[in-house]
Protein chains: 2
Amino acid sequence: MKKIAELFKTLSDVNRLRLLMVLDRKELCVCQLMGIVGLSQPLVSRNLSILARMGFLEERKEGKLKFYRIKKNLTDEKNTIMELLRRSLSEDDIYLQDMEAVQDCTEFQKRTGRCDMDAYKKFMKWRMEKRSKRDTQKEVV
Amino acid sequence: MKKIAELFKTLSDVNRLRLLMVLDRKELCVCQLMGIVGLSQPLVSRNLSILARMGFLEERKEGKLKFYRIKKNLTDEKNTIMELLRRSLSEDDIYLQDMEAVQDCTEFQKRTGRCDMDAYKKFMKWRMEKRSKRDTQKEVV
DNA sequence: TTAATATATAAACATATGTTAATATTAAAA
DNA sequence: TTTTAATATTAACATATGTTTATATATTAA
């Protein structure tokens, strides 16, 4: 009983849910995740390790970078939850924003060929500009 | 996103999970629930209202007693979670103990014809004795 | 080996949460 | 109406949690 309660507790934080769903879309490293969800490095790191410890993620090291992704053989329980999340969030604002950011991140990396902290600071800045541009357009309309 | 996080938070407490699963078996009033899960009255009351506020329970008043049960038309989301819980807990120690207590409670009520605080204090005492008897038997075996 | 960089961990803090003890509310019985 | 009993709510407290800042670890490059 305690185990399931803890499973739910793991999923009771918006930042962790965001990371989980972003990784459900694509394997990513910490600095990419920082750029996508816009959270500090320690916060991303901490929440990733909580998700990993709970058995949702697996980790892979590649040089200095550490990649995370959804574990291949999730338990039935966790698979059910993932399906529930995909269904429930399919029209969620934050979720859709994050999915767009994953897309942008992939393109940004293809274009710049870089994957490091500095590149992702630039990526975040670029995204902010992109978003504010869209918002002012909306205001005009 | 925040909504689902809060849904999970609601389920991240063992006492709430116990109450939810007990009520999944049978509609019960607060004093019966106290006897079954062995928690204080304010604690039972509080957790019931949290579950009700989140949309898991519906309430019904009958004289001084207040009965709670699982809401009839749960959302798909919540139904999925209930099914998950039933599956995941089917062999859980605490869950099985609680289910036995529900059974005992029903019998106790049939036998005594009473449903009030005093009766349930006696019920709890009786259950404690029953359990300690069983435990000493196990030791002998 | 040293310097630089990506990630993890620790310390410190504020906030949130669960729990108990005390009190309020509500409905029935006297 | 007054009293009793069931449930709800509040206040107070301890613990847990999320967040930031600072620091440690580990890997690559110089």
Side-chain angles (χ1 to χ4, degrees), chain A residues 1-2 5-19 23 27-54 57-69 109 114-123, chain B residues 1-2 5-6 8-19 23 27-54 57-69 109 114-124:
Chain A
M1 185 84 86
K2 206 177 161 195
E6 268 162 16
L7 182 65
F8 286 132
K9 185 167 287 172
T10 300
L11 300 169
S12 71
D13 179 89
V14 172
N15 290 335
R16 274 195 295 276
L17 283 181
R18 290 179 69 194
L19 290 168
L23 290 171
E27 185 193 51
L28 292 160
C29 74
V30 176
C31 67
Q32 291 175 316
L33 288 164
M34 288 173 60
I36 291 165
V37 298
L39 296 172
S40 70
Q41 183 269 317
L43 203 43
V44 170
S45 232
R46 178 180 198 267
N47 284 320
L48 288 174
S49 72
I50 290 174
L51 286 168
R53 199 180 324 138
M54 189 47 66
L57 305 182
E58 53 193 21
E59 327 172 35
R60 177 174 70 83
K61 224 168 173 188
E62 191 177 312
K64 273 180 287 193
L65 305 179
K66 189 151 173 196
F67 285 84
Y68 286 87
R69 66 174 180 188
Q109 192 181 354
R114 290 173 56 194
C115 184
D116 56 69
M117 290 300 237
D118 216 54
Y120 283 97
K121 277 177 197 157
K122 279 174 192 161
F123 169 63
Chain B
M1 186 83 86
K2 206 177 160 192
E6 268 162 18
F8 286 133
K9 185 167 288 172
T10 300
L11 300 169
S12 71
D13 179 88
V14 172
N15 289 336
R16 275 196 293 277
L17 283 180
R18 292 178 68 193
L19 289 168
L23 290 171
E27 185 194 52
L28 292 160
C29 74
V30 176
C31 68
Q32 291 173 318
L33 287 164
M34 287 172 61
I36 290 165
V37 299
L39 296 172
S40 70
Q41 183 269 317
L43 203 43
V44 170
S45 233
R46 179 181 199 266
N47 284 320
L48 289 174
S49 72
I50 290 174
L51 286 167
R53 198 180 322 137
M54 188 50 65
L57 306 181
E58 52 192 21
E59 327 173 36
R60 176 174 71 83
K61 228 169 173 185
E62 191 177 314
K64 272 180 287 193
L65 305 179
K66 188 149 173 197
F67 285 83
Y68 286 87
R69 65 173 179 191
Q109 192 181 355
R114 291 173 56 196
C115 182
D116 55 69
M117 291 298 236
D118 216 54
Y120 283 98
K121 276 176 198 159
K122 278 174 193 162
F123 169 61
M124 281 193 63

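Sequence lines set the chain letters: A, B, ... in the order given, protein chains first and strands last, and positions in each chain run from 1.
- Within the 4.5 Å cutoff, side-chain heavy atoms of A:Leu65 are placed close to those of A:Cys115.
- Residue B:Lys61 places none of its side-chain N or O atoms closer than 4.0 Å to OP1 or OP2 of C:dT26.
- One finds no side-chain N or O of B:Arg46 lying less than 4.0 angstrom from the OP1 or OP2 phosphate oxygen of C:dT19.
- Checked against D:dT21, D:dT17, D:dA8, the side chain of A:Pro42 finds its nearest nucleotide in D:dT21.
- Remark: D:dT4 base-pairs with C:dA27. Criterion, Watson-Crick or G-U wobble with two distances under 3.5 Å.
- At distances below 3.5 Å, not a single donor-acceptor pair connects side-chain atoms of B:Ser45 with backbone N or O atoms of B:Pro42.
- At least one donor-acceptor pair under 3.5 Å links the side chain of B:Arg16 to the backbone N or O of B:Thr10.
- Of the two residues near DNA chain C, B:Ser12 and B:Gly63, the one whose nearest nucleotide lies more 5' is B:Ser12.
- At the heavy-atom level, B:Asn15 lies under 4.0 Å from the strands shown only through sugar-phosphate atoms.
- Within the nucleic acid shown, A:Asp118 has no heavy atom closer than 4.0 Å to any nucleic acid atom.
- One interatomic measurement links the two molecules: NZ of B:Lys66 to P of C:dA28, which rounds to 14 Å at whole-angstrom precision.
- Evaluation of atom-type donor-acceptor distances gives no pair under 3.5 Å for the side chain of B:Gln41 against the base of D:dA6.
- Here B:Lys64 does not reach the OP1 or OP2 of D:dT7: none of its side-chain N or O atoms lies under 4.0 Å away.
- Side-chain atoms of B:Arg18 come within 3.5 Å of backbone N or O of B:Val37 as a donor-acceptor pair.
- One can place CG of B:Leu33 at 9 Å from P of D:dT7, the figure rounded to the nearest angstrom.
- When heavy atoms are screened at a 4.0 angstrom cut-off, A:Phe67 is found touching no nucleic acid atom at all.
- Rounded to whole angstrom, the span from the CG atom of A:Leu19 across to the C1' atom of D:dT19 amounts to 14 Å.
- The backbone N or O of B:Tyr68 lies less than 3.5 Å from no partner atom in the side chain of B:Arg60, so there is not a single donor-acceptor pair.
- Atom CG in A:Leu28 sits roughly 16 Å away from atom P in C:dA6 (whole-Å rounding).
- Atom-to-atom, CG of A:Leu39 to C1' of C:dA6 comes out at 17 Å; the value is rounded to the nearest Å.
- Distance A:Leu43 CG to D:dA22 P: 16 Å, rounded to the nearest Å.
- In this entry the distance linking CG of B:Asn47 with P of D:dT9 reads 13 Å, nearest Å.
- A:Arg16 has a side-chain polar atom (N or O) that falls below the 4.0 Å cut-off from OP1 or OP2 of D:dG18.
- For C:dA6, neither phosphate oxygen OP1 nor OP2 lies less than 4.0 angstrom from any side-chain nitrogen or oxygen of A:Tyr68.
- The distance from atom CG of B:Leu65 to atom C1' of C:dA28 is 11 Å, rounded to the nearest whole Å.
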